[in-house]
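The structure appears right after this line, and notes come after that.
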Amino acid sequence: MKTPVRVAVTGAAGQIGYALLFRIASGEMLGKDQPVILQLLELPIDKAQAALKGVMMELEDCAFPLLAGMVGTDDPEVAFKDADVALLVGARPRGPGMERKDLLLENAKIFTAQGAALNKVASRNVKVLVVGNPANTNAYIAMKSAPDLPARNFTAMLRLDHNRALSQLANQANVAVGDIENLIVWGNHSPTMYPDYRFATAKGKSLKDAINDADWNANTFIPQVGKRGAAIIEARGLSSAASAANAAIDHVRDWLLGSNGKWVTMGVPSDGSYGIPEGVIYGVPVITANGEYTRVEGLAVDDFSRAAMDKTLAELEEERAGVAHLLG
Ligand code: NAI
């Protein structure tokens with residue numbers, strides 16, 4: 001039997017947590033032969049801790065053969081102890097009348113503390129995925145707060161946007177979603193993101209050539225992917241949860257087990273390529289293998305793409321400036 005992998009999940013009693021934990025414990029994220037230990041963090045308030053206890057009881061009741069242990073806690077240093085994978089899902093939601101700036105700062109406090117706790121107690125090669133919004137900037141803050149851990153191990157979730165774009169593209173081009181390759185979502189996980197299908201193919205055929213409609217790209221595809229989260233809230237009365245959990249599983253599974261040559265989108269600290277300043281956590285195309293991601297390099301950037309990539313970068317720079325004073 002393989003050594004269990006320790007997976008920390010924050011916000012474990014929330015909506016996404018509820019859609020995520022059972023799939024991790026059943027082996028969908030790390031493989032059907034890989035035991036896991038779940039280390040679950042919730043807020044130190046009675047209601048959250050009681051809800052977490054309930055989720056853990058249900059996990060127990062599933063009798064998952066791969067679930068080798070469970071810890072529930074309100075202490076980040078307990079949750080992150082020796083963690084191999086950390087899914088940072090819990091975040092402060094935007095309250096009534098709350099300014100975007102205040103939201104950013106409230107979350108900055110959470111992710112500074114969690115980055116420091118990871119730095120202190122997690123595995124030295126912990127792989128971190130930030131889901132809680134604003135995901136890119138929260139990942140940046142956690143990365144900056146964990147100077148002893150590899151910066152490249154801090155990532156933000158753009159995979160839901162990537163998956164949303166795949167489905168929209170499949171519908172438009174009338175191809176099977178599983179046949180699509182080489183799609184990208186550049187930038188911030190926010191409506192400014194840029195889904196870029198210029199290189200996308202299905203069974204080797206260019207989808208840009210097949211669709212050949214600049215108006216659809218600019219006025220339907222890009223805004224529809226960008227505003228999909230709002231459309232889900234409008235329809236469901238609640239934000240995306242199962243699809244977000246699914247994307248988190250896709251992100252970590254591909255990172256650890258490999259994407260088999262496929263491009264996937266991950267929010268990762270920039271290396272300066274594509275005109276994105278170093279360190280900014282920005283959605284880029286990567287190929288993953290052996291627990292590492294490699295950027296797809298050298299893609300052409302046309303004028304339309306440059307403008308779209310700069311717009312989402314400007315938003316990230318603004319967020320970064322808003323928290324700079326907290327990071328020293
Ligand atoms: P939720 O409100 O149902 O659950 C969040 C949970 O986190 C709550 O149980 C709360 O008690 C807990 N929590 C809050 N602060 C915490 C902290 N400091 N430490 C530990 N736990 C904490 O929210 P939901 O629907 O599960 O969403 C979670 C986050 O994911 C939100 O920020 C949401 O905006 C974001 N999200 C990101 C997506 C992406 O594509 N990157 C997609 C969908 C949601």
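Computed over heavy atoms, backbone and side chain alike; hydrogens, waters and symmetry mates excluded. Start at 1 and go down the list; that is how both ligands and their atoms are numbered.
- The closest heavy-atom contact to atom 14 (C) of ligand 1, among the options Ala79, Ala91, Gly132, comes from Ala91.
- The pair Arg152-Glu292 meets the salt-bridge criterion, with a side-chain N (NZ, NE, NH1 or NH2) lying under 4.0 Å from an Asp/Glu carboxylate O.
- Note on ring orientation: taking the six-membered ring where Trp is involved, the planes of Phe221 and Trp216 are parallel (angle under 30°, cut-offs 30° and 60°).
- Close approach of ligand 1 to Met157 is summarised as follows: ligand atoms under 4.0 Å from at least one heavy atom of the residue are 39 (C), 40 (O), 41 (N).
- With atom 33 (C) of ligand 1 as the reference point, the heavy atom nearest to it among Leu160, Asn133, Leu20 is part of Asn133.
- Using a 4.0 Å cut-off between a side-chain N of Lys or Arg and a carboxylate O of Asp or Glu, Asp310 and Arg306 qualify as a salt bridge.
- When distances from atom 23 (O) of ligand 1 to the protein are checked, no heavy atom turns up under 4.0 Å.
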> Should Asp302 and Arg198 be marked as a salt bridge (charged side-chain N to carboxylate O under 4.0 Å, His left out) after you check the CA-CA gap, both sets of side-chain angles, and the distance that decides it?
Replying inline: CA-CA 10 Å; Asp302 60 15; Arg198 290 175 302 141; 3.7 Å; yes

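- Those atoms of ligand 1 with a heavy atom of Ser239 less than 4.0 angstrom away are 25 (O).
- The ligand atoms of ligand 1 that sit less than 4.0 angstrom from a heavy atom of Ala244 are 42 (C), 43 (C).
- At least one heavy atom of Ser240 sits under 4.0 Å from some atom of ligand 1.
- At a threshold of 4.5 Å between non-hydrogen side-chain atoms, the residues Glu319 and Asn188 count as touching.
- Side-chain contact of Arg6 with Ser123: a donor-acceptor pair under 3.5 Å is absent, judged by distance alone.
- Atom 19 (N) of ligand 1 has its closest protein heavy atom at Gln114 NE2, 3.4 Å.
- Not a single N or O atom of Gly17, backbone or side chain, sits closer than 3.5 Å to an N or O atom of ligand 1.
- Close approach of ligand 1 to Gly11 is summarised as follows: ligand atoms under 4.0 Å from at least one heavy atom of the residue are 6 (C), 7 (O), 12 (C), 20 (C), 21 (N).
- Close approach to Gly90 involves these atoms of ligand 1, each under 4.0 Å from a residue heavy atom: 7 (O), 13 (N), 22 (C).
- Within ligand 1, counting atoms from 1 as listed, the ones closer than 4.0 Å to a heavy atom of Ile110 are 18 (N).
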